[in-house]
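These notes are about the structure you will find just below.
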Protein chains: 2
Amino acid sequence: MEDEVDRLVAAWRRERPDLDVEPLEVLSRVSRLARHLDRARRIAFAEHALEPWEFDVLTSLRRAGAPYQLSPGQLLTQTLVTSGTMTNRIDRLAKKGLVERLPDPSDRRGVLVRLTGEGRDRADQALAGLLDQERAILAELSRAQRGELAALLRQLTAPFDNIPG
Amino acid sequence: MEDEVDRLVAAWRRERPDLDVEPLEVLSRVSRLARHLDRARRIAFAEHALEPWEFDVLTSLRRAGAPYQLSPGQLLTQTLVTSGTMTNRIDRLAKKGLVERLPDPSDRRGVLVRLTGEGRDRADQALAGLLDQERAILAELSRAQRGELAALLRQLTAPFDNIPG
DNA sequence: CGCAAGTATCTCGACGTCAAGACACTTCAC
DNA sequence: GTGAAGTGTCTTGACGTCGAGATACTTGCG
């Protein structure tokens, strides 16, 4: 089946036959698919009255394991946002009672963000919903294909994740 | 090589051994890679004094071929933004002299957006720069692997692109 | 010990996006 | 032709993000 990137690449080959546009076959698909996923997630989370950004923060804390707390700096690296954004997110989540700020006992510059009981429940529920939705999207592929795809993507993400950038 | 998603998945398996988190192996990588690509593109385009959103609009028009004009509605479907956003983008690009608005001769509700000569040159230059950067990112993979990856991604994007979403 | 450099977080203003609705024009059925 | 539904674009207000700088504390060197 043809997709929008096939059309996009064909158009470039017509308009700019002098250029090698093969990279777009992969990376434009990644960007566009991410865009579609963002939209789908927004809808899935709405059932749990959560925004995607709230999910990102809550699940980062949830994954940390008991006592479900991380510093704002650790949250930054997990969510790929800037520090100003994270401050704002923590403020809003705290106001909703899903997280709380505690002073870091070992560094008085620092703060720890801890998930509340309600925050934990909401994260768990939303995660289950998200996984259901993602399984439906991935039903296009066989188990083996999903494994291949994951491995190929890992090769591209690893440099970004390991060399700081 | 391990990436951030490997760590993320391992954390979920520890915290929620009851859930099947396999979908994250693919889709979390797509989202995170897209995020990294956004950042890299922003830097690449800065050399040409263009923002990513400007590039998106200008190249959509460029790909359309002479006379390089599309309606705002056609631009919406190509760029995956809302109509209010597109109006705003066209306003700003017009103010910079990179596009111009013309009345649509065949539908008086409509408008056509046309690339100016300078807009076309800027789009062409930025595209070449982007492709160089993307080639560097994709050097992690063999030509055959890139082909495989593109084909697998196409299977996931096609439903979004063909069934209206 | 004392000071400079480094680090963690927060503050602030500018900006881009979105969603919903308004408006103008077109199309289609009767 | 006329009215209703449909379509294409723009307007508006709220919101989230970013980047740069400020602040408070810590670390390491002399």
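Each chain gets a letter, A, B and so on, in the order the sequences are listed, and its residues count up from 1. No experiment lies behind these values; they were computed from the predicted model shown.
- Among residue pairs with one or both ends in residues 70-82 of chain A, none qualify as salt bridge (charged side-chain N to carboxylate O under 4.0 Å, His left out); sequence neighbours excluded.
- Residues satisfying the salt bridge (charged side-chain N to carboxylate O under 4.0 Å, His left out) test with A:Arg122, not counting sequence neighbours, are A:Glu118.
- Taking the nucleotide of DNA chain D with the nearest heavy atom to each of A:Glu51 and B:Leu76, the more 5' of the two is matched to B:Leu76.
- Remark: B:Glu15 engages A:Arg62 in a side chain to side chain donor-acceptor pair (under 3.5 Å) (not counting sequence neighbours).
- Applying a 4.0 Å cut-off to non-hydrogen atoms, none of the residues of residues 65-74 of chain A approaches DNA chain D.
- For DNA chain C, the contact window with chain B, defined by any atom under 4.0 Å from a protein heavy atom, covers C:dG16 to C:dT26 in 5' to 3' order.
- Annotation: salt bridge (charged side-chain N to carboxylate O under 4.0 Å, His left out) contacts of B:Glu22 (sequence neighbours excluded): A:Arg143, A:Arg146.
- Note on residues 69-90 of chain A: no pairs pass salt bridge (charged side-chain N to carboxylate O under 4.0 Å, His left out), not counting sequence neighbours.
- Ion pairing of B:Arg35 with B:Asp38 is absent here, as no side-chain N (NZ or NE/NH1/NH2) approaches a carboxylate O to less than 4.0 Å.
- A heavy-atom distance below 4.0 Å to DNA chain C is reached by these residues of residues 106-116 of chain B, ordered by number: B:Asp107, B:Arg108, B:Arg109.
- Residues satisfying the side chain to side chain contact (heavy atoms under 4.5 Å, CB included) test with B:Gln145, not counting sequence neighbours, are A:Leu152, A:Gln155, B:Leu141, B:Ser142.
- Salt-bridge formation is not detected for the pair A:Asp91/A:Lys96: no Lys NZ or Arg NE/NH1/NH2 atom is positioned less than 4.0 Å from an Asp or Glu carboxylate oxygen.
- The stretch residues 78-97 of chain A touches DNA chain D through A:Val81, A:Thr82, A:Gly84, A:Thr85, A:Asn88, A:Arg89, A:Arg92, each having a heavy atom within less than 4.0 Å of the strand.
- In DNA chain D, stems built from 3 or more consecutive Watson-Crick or G-U wobble pairs, each with both distances under 3.5 Å, span C:1-30 with D:1-30.
- The list of ring pair (Phe, Tyr, Trp, His ring centres under 6.0 Å) pairs with a residue in residues 51-78 of chain B, not counting sequence neighbours, reads B:Phe45-B:Phe55.
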